Amino acid sequence: MRDALRVRAMLAVAVAAATAVLVAGLLLLGAWPVDQRPLLAQWAAQRAPLLMMAVLVGLAAAAATGWVLLVRNLGFVPHLVHRLELLRSSRPDLRVDAQGGVPQALADAVNALARDQAERRRRYDDELALATQQIEEERDLLAAVLAEQAAAVIACSDAGRILLYTPAAAVLVQQLAPEAYLGLGRTVFALFRRSAVQHGLERLTLARTRGVERPAAAMVLAMRSGALVHARFTPLSGRRLHGFFLHLHAQATPPSAGDDVNRRGVASLRAAVEMLRDFPRMDPAERTRFIAIADEESTRLIQAEGAADRRWPLEDMAGETLLELLQTQFENALGRPLRVAAPDGLWLAAESLALWALLHDYLRQLGADPGADCSLMLEPRDAHVALVLRCPGLPPLVQERWSQWEQAALQAQTLALSPAAILRGHDGELWQQAEGKGFALHLLLPRTDPVPAATPRVIEIAAGAAARGADAELAQLIYTAFDTETTGLEPSAGDRIIALAGIRIVDARIRSREVFDSLIATTRRIDPASQRVHGIDAAMLAGQPSADETLQRFGRFCAETVLLGHNAAFDRRFFELHGDSASSVLARPLLDTLLLSQLVYPQAESHQLEAIADRLGLSALGRHTALGDAILTAEVFLRLLPLLVARGIRTLPQALDASRGTAFARLRY
Amino acid sequence: MKRVLIVDDEDNIVVSLAFLLRQLGCEVATAQDGEQALQQALAAPPDLILLDVMMPGLSGYDVLQKLRAEPRCAQTRIVLLTAKGRDAEIARGRALGADDYIVKPFSTRALSGRVRELLGLDG
């Protein structure tokens, strides 16, 4: 208060003095005798330079005084604004004091407001903490329940986005498709062929519209890695959530005789055979007896199996999938090419393992090298599908041999069934058929109907990429925060990346389980200065994957996400050195926390990651490893998000545009 | 000479086991069900009984219990033969006084080895 008064008083005095001088001067001039005015003018003209200088000095003095007064009274404003920003954004405990020209009254008013704000926030935080705690408890419970599940289950949204998955599912996917990533927010179509999943969903819809009490659709799904997995689709209907569950289990083996009756039979059989084996000098009567036992028991077993095959559970399979599987097995086992063809959209019920065993054994029976012209075709036949094998140049099995073969148990290890039994189990048939000069082996298998076109599609599958367009809020997007360590700071002089790490942000939360962390081998020497920072030496890099390989893997890890880096132009330059291998990484949109920080704190002196973290109230522990820095970058970004929104930067295009305008954006390496 | 009683309702396996044990130098008797087994064992307690669990009428467990209640058979080693291998069943057998168990289908060489141990026969 007193400051303000003093200032005003000084100003008033100054103005009054100036006015007084001016008035006095004018009066003097006015009072000057008229006849002497020309004299005055002459006098003035004679001393013009002096007068001029006096005027100038006077003006300068006035300006200087004005400036000093201004600075002293208003110079505090930028500093105050900066302090207010800090107070509002990240340091609510900050108080403004009457320093640097800040009027005490203003300081007091600001502090009072800050206290009020702090109080209100405390109350809000308390309520929020309580609500959060409840949610955390429920989440913990859910996580515990999921962890308990021995079953491999994946929950997906209508659009095929992964919502949840059990640890068993992660393990199974890792076993069957080591190159694939199972993670929240990822698309399930990166794991399974779209057509297969779609088929399953259509069957599920059909089951639901038919009013089946617990609708489900079971089938064999092909993973993109080529592995087959048995999957069951069930609906996911929450209050607001709609989608489906995928229950998975690894490829099934055909049902084996595990029950007691058969084991006892096997025991008798085995014992008899072992007596024959271990006591070759037994007398002939005993030998005959044991052989008879072996015969009797094995026959009994085969009959028991024959009864079992009618219970064989078959599952839906796409024609193309079956052919691919058979083709792979054929080419691996026989070293000969196999041409395959199937019309689109043909589905059948099959146990692929059994069919392969059968075909393989048949080819063995034919004896000769099948040649380079073999083909395996799927041909629709009304309610059935014919799997037709043609090997031109090979004669068929003669009738006697055919009958024998058809009824005899296959030599395959996992199967003790005859070809006839296998086809019976499929509710099908097999035979050799003459075709012009040659012949073909026909296997008739049941066709599983595609959903008739009249049924409306209830579940829609959106196109693979995020349906969220340019309008999506920043907080809704999925990010991969990343960081690299390098041999040195000069990419153009030969320095290279030696570590690359990334971590995902989904729904504005860091997913600590979805992490990428790799050291990278290089022939380049590691600059001692850099080594002091990251601690990586050449010994640690021995045996590590190459940069090309790692970048390709990382490209898959960060697919469909926005990349987040700190001073990312630096990292980007290193990626560009690897051309094609880095193409999928370079194609991702990229946000730089260095540029974003500059947008939010234009006045700040340092935009180093540590400095920003400190300003935002984050601890910078665990720094200088690629993963540690990636995590810190993620945390910094999440704290900057609300500050960006407050500045009107809500969407990705806005963030990219705004970033381009900052000074740092013009840095080149 | 050691005396062995083989008890199993499946004729075919009895034939193999009897042959095997004779080759080991034992005197072999056989029984087809629990009643017969008890009669024979109580009349002339053998050194070893190979006893199938799943039989119609008296089960192997029943026979085992009855025999273990008889001081006359205190020296008799009893081995259960079972088509199931569940831990609970093995534990039950042990609890009732069986000396060992073998799960079908077994290797006759393995069985041979066990029998030799139990009977103290030379290898």
Side-chain angles (χ1 to χ4, degrees), chain A residues 150 253-309 311 409-418 421, chain B residues 4 6-26 28 30 32-34 50-56 59-61 79-90 92-93 100-116 121 123:
Chain A
T253 48
S256 56
D259 59 306
D260 293 349
V261 173
N262 286 339
R263 290 183 80 141
R264 286 153 73 85
V266 171
S268 301
L269 173 59
R270 182 179 188 177
V273 166
E274 287 182 357
M275 293 303 96
L276 287 167
R277 174 191 70 192
D278 291 342
F279 300 100
R281 280 191 273 280
M282 65 172 72
D283 66 40
E286 276 165 337
R287 166 168 277 114
T288 310
R289 182 83 199 271
F290 283 122
I291 290 174
I293 289 175
D295 236 335
E296 189 189 314
E297 291 298 344
S298 41
T299 307
R300 204 186 291 166
L301 278 171
I302 288 168
Q303 285 168 352
E305 287 289 355
D309 70 16
R311 292 194 312 267
L410 289 177
Q411 313 265 329
Q413 274 169 334
T414 49
L415 225 44
L417 298 176
S418 68
Chain B
V4 181
I6 302 175
V7 185
D8 197 317
D9 61 327
E10 291 242 312
D11 200 31
N12 285 340
I13 196 142
V14 171
V15 169
S16 296
L17 287 175
F19 180 86
L20 177 67
L21 290 165
R22 280 190 200 107
Q23 300 300 314
L24 287 177
C26 302
V28 175
T30 66
Q32 279 189 310
D33 59 33
L50 296 179
L51 181 54
D52 185 29
V53 164
M54 277 194 26
M55 291 186 295
S59 78
Y61 292 127
V79 175
L80 293 177
L81 304 175
T82 169
K84 305 182 187 181
R86 289 199 297 132
D87 289 342
E89 281 158 356
I90 293 164
R92 180 185 178 184
D100 208 349
Y101 70 92
I102 294 210
V103 180
K104 294 180 179 179
F106 46 78
S107 145
T108 52
R109 284 182 186 164
L111 179 65
S112 234
R114 300 257 194 102
V115 166
R116 280 208 199 92
L121 296 175

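Order of the sequence lines sets the chain letters (A, B, ...), proteins ahead of strands, with each chain counted from 1. Nothing here was measured: the structure is a model prediction, and the numbers come from that model.
- The heavy-atom pair separating B:Pro105 from A:Val266 by the smallest distance is CG-CG1, 3.5 Å.
- Within residues 280-288 of chain A, the residues having any heavy atom closer than 4.5 Å to a heavy atom of chain B are A:Met282, A:Glu286, listed by residue number.
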Before you tell me yes or no, could you show the steps for A:Asp295 and A:Arg300 under salt bridge (charged side-chain N to carboxylate O under 4.0 Å, His left out), namely the whole-Å CA-CA distance, both residues' side-chain angles and the distance that decides it to 0.1 Å?
CA-CA 9 Å; A:Asp295 236 335; A:Arg300 204 186 291 166; over 6 Å; no
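- The CD atom of A:Glu274 lies 8.5 Å from the CZ atom of B:Phe106; values are rounded to the nearest 0.5 Å.
- Note that OG1 of B:Thr108 and CZ of A:Arg270 are 7.5 Å apart. Values are rounded to the nearest 0.5 Å.
- Checked against B:Ile6 for a side-chain contact (heavy atoms from CB on, under 4.5 Å), the options B:Val28, B:Leu20, B:Leu81 give a single hit: B:Val28.
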What side-chain donor-acceptor pairs closer than 3.5 Å can you find for residues 11-18 of chain B, not counting sequence neighbours?
residue : atom : partner  : partner atom : Å
B:Asn12 : ND2  : A:Glu296 : OE2          : 3.2
B:Asn12 : ND2  : A:Glu297 : OE2          : 2.7
B:Ser16 : OG   : A:Ala272 : N            : 3.4

